[in-house]
Amino acid sequence: MKLEHIGIAVKSLGFSDDLFEKLLGKKSYKTESVEREGVKTSFYNTGESKIELLEASREDSPISKFIEKKGEGIHHLAFGVENILEEIERLKKEGFIFISEEPKEGADNKLVVFLHPKCTNGVLVEICQEK
């Protein structure tokens, strides 16, 4: 398992893209909408991992609710795995609780599941696999 990316909830991709382009000295390599989740994303390579900026595209999206409760900031840590189904079974046996155990299509050509923050010291953890 490796750190695949850090997800950061933002109010404005336009503003935040400008900020991260200046900070990292490079442009986003990909922007994408995930309509099912009500989110627009922007990705930056940072060596062996990435930064994913997440902006809500509708008021009822998880990102909108997160920003309303906690403000902008780190939303989740994502760990890449080779086989997401095997990893789900391994983590269930270890006692971890999933928000949903069924992998869904996520941004950046990934299958994703999320562990509930109650079982990971308050941190939302994403497990992801290349499709």
Side-chain angles (χ1 to χ4, degrees):
M1 202 181 288
K2 70 168 189 141
L3 181 62
E4 210 283 328
H5 68 267
I6 298 171
I8 301 173
V10 301
K11 291 179 182 176
S12 166
L13 269 186
F15 175 84
S16 297
D17 272 332
D18 287 344
L19 176 77
F20 275 83
E21 285 175 13
K22 291 174 190 170
L23 176 67
L24 301 173
K26 61 175 97 177
K27 292 196 175 290
S28 166
Y29 74 86
K30 178 188 233 180
T31 57
E32 184 176 351
S33 289
V34 182
E35 293 302 321
R36 183 186 72 257
E37 298 299 323
V39 68
K40 292 187 254 179
T41 65
S42 185
F43 285 91
Y44 292 85
N45 277 317
T46 58
E48 295 201 17
S49 60
K50 304 170 197 159
I51 300 287
E52 176 187 27
L53 302 180
L54 303 129
E55 175 191 70
S57 59
R58 54 178 205 260
E59 287 185 27
D60 67 339
S61 77
I63 296 301
S64 181
K65 292 174 185 176
F66 177 89
I67 289 173
E68 191 176 296
K69 272 185 173 175
K70 299 183 180 188
E72 294 180 291
I74 294 176
H75 178 259
H76 67 272
L77 299 178
F79 294 96
V81 299
E82 293 294 319
N83 185 318
I84 197 166
L85 296 176
E86 285 178 9
E87 198 60 28
I88 290 168
E89 288 308 310
R90 183 186 77 78
L91 292 168
K92 281 179 12 184
K93 286 177 186 172
E94 292 290 345
F96 289 93
I97 302 164
F98 289 81
I99 292 174
S100 170
E101 295 177 17
E102 194 66 35
K104 299 189 282 188
E105 288 190 26
D108 203 28
N109 198 40
K110 302 280 190 288
L111 292 174
V112 303
V113 294
F114 288 89
L115 297 173
H116 200 287
K118 289 180 182 176
C119 70
T120 54
N121 289 342
V123 177
L124 182 62
V125 173
E126 175 183 343
I127 306 298
C128 62
Q129 172 195 314
E130 289 284 336
K131 285 198 278 180

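The first residue of the sequence shown is numbered 1, and numbering continues consecutively from there. Nothing here was measured: the structure is a model prediction, and the numbers come from that model.
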More than 12 foreign heavy atoms under 6.0 Å from [atom1] of [X]: is that the case here?
| X | atom1 | answer |
| --- | --- | --- |
| Y29 | OH | yes |
| K70 | NZ | no |
| L19 | CG | yes |
| N121 | CG | no |

Closest approach of V34 to G106 (non-hydrogen atoms, all atoms of both residues): CG2-C, 4.5 Å

Counterpart residues, salt bridge (charged side-chain N to carboxylate O under 4.0 Å, His left out), relative to [X] (two or more places apart):
| X | answer |
| --- | --- |
| E52 | none |
| K22 | none |
| K110 | E4, D108, E130 |
| K65 | none |

Is there a side-chain contact between [X] and [Y] in this structure, where contact means two heavy atoms from C-beta onward sitting under 4.5 Å apart?
| X | Y | value |
| --- | --- | --- |
| V123 | I74 | no |
| K2 | S49 | no |
| L3 | F79 | yes |

For the [atom1] atom of [X] and the [atom2] atom of [Y], what is their distance to the nearest 0.5 Å?
| X | Y | atom1 | atom2 | answer |
| --- | --- | --- | --- | --- |
| I8 | L53 | CD1 | CG | 6.0 Å |
| T120 | L77 | OG1 | CG | 8.5 Å |
| I99 | K118 | CD1 | NZ | 10.0 Å |
| K40 | S12 | NZ | OG | 8.5 Å |
| L115 | L91 | CG | CG | 6.0 Å |
| N109 | C128 | CG | SG | 11.0 Å |

Can you get from I51 to L23 by hopping between Ile, Leu, Val, Met, Phe, Trp and Tyr side chains that sit under 4.5 Å apart? yes

Cluster check I6, V10: I/L/V/M/F/W/Y, side chain < 4.5 angstrom: yes

Quick note, ring-ring contact (aromatic ring centres under 6.0 Å, His included) partners involving residues 51-70, not counting sequence neighbours, are F66-H75

Sequence neighbours excluded - ring-ring contact (aromatic ring centres under 6.0 Å, His included) pairs with any residue from residues 87-120: H76-F114

Show every salt bridge (Lys or Arg N to Asp or Glu O under 4.0 Å) that has at least one partner inside residues 71-89, sequence neighbours left out. E87-R90, E89-K92

Check whether any side-chain N or O of R58 sits under 3.5 Å from a backbone N or O of S64 as a donor-acceptor pair, and report yes or no. no

Taking side chain to side chain contact (heavy atoms under 4.5 Å, CB included) as the test, write out the residues that go with P103, two or more places apart. I84, L85, I88, L111, V113

Would you please name every residue forming a side chain to side chain contact (heavy atoms under 4.5 Å, CB included) with L24, sequence neighbours left out? F20, K26, Y44, T46

Which residues pass the side chain to side chain donor-acceptor pair (under 3.5 Å) test with [X], sequence neighbours left out?
| X | value |
| --- | --- |
| E105 | K131 |
| T41 | none |
| S61 | none |

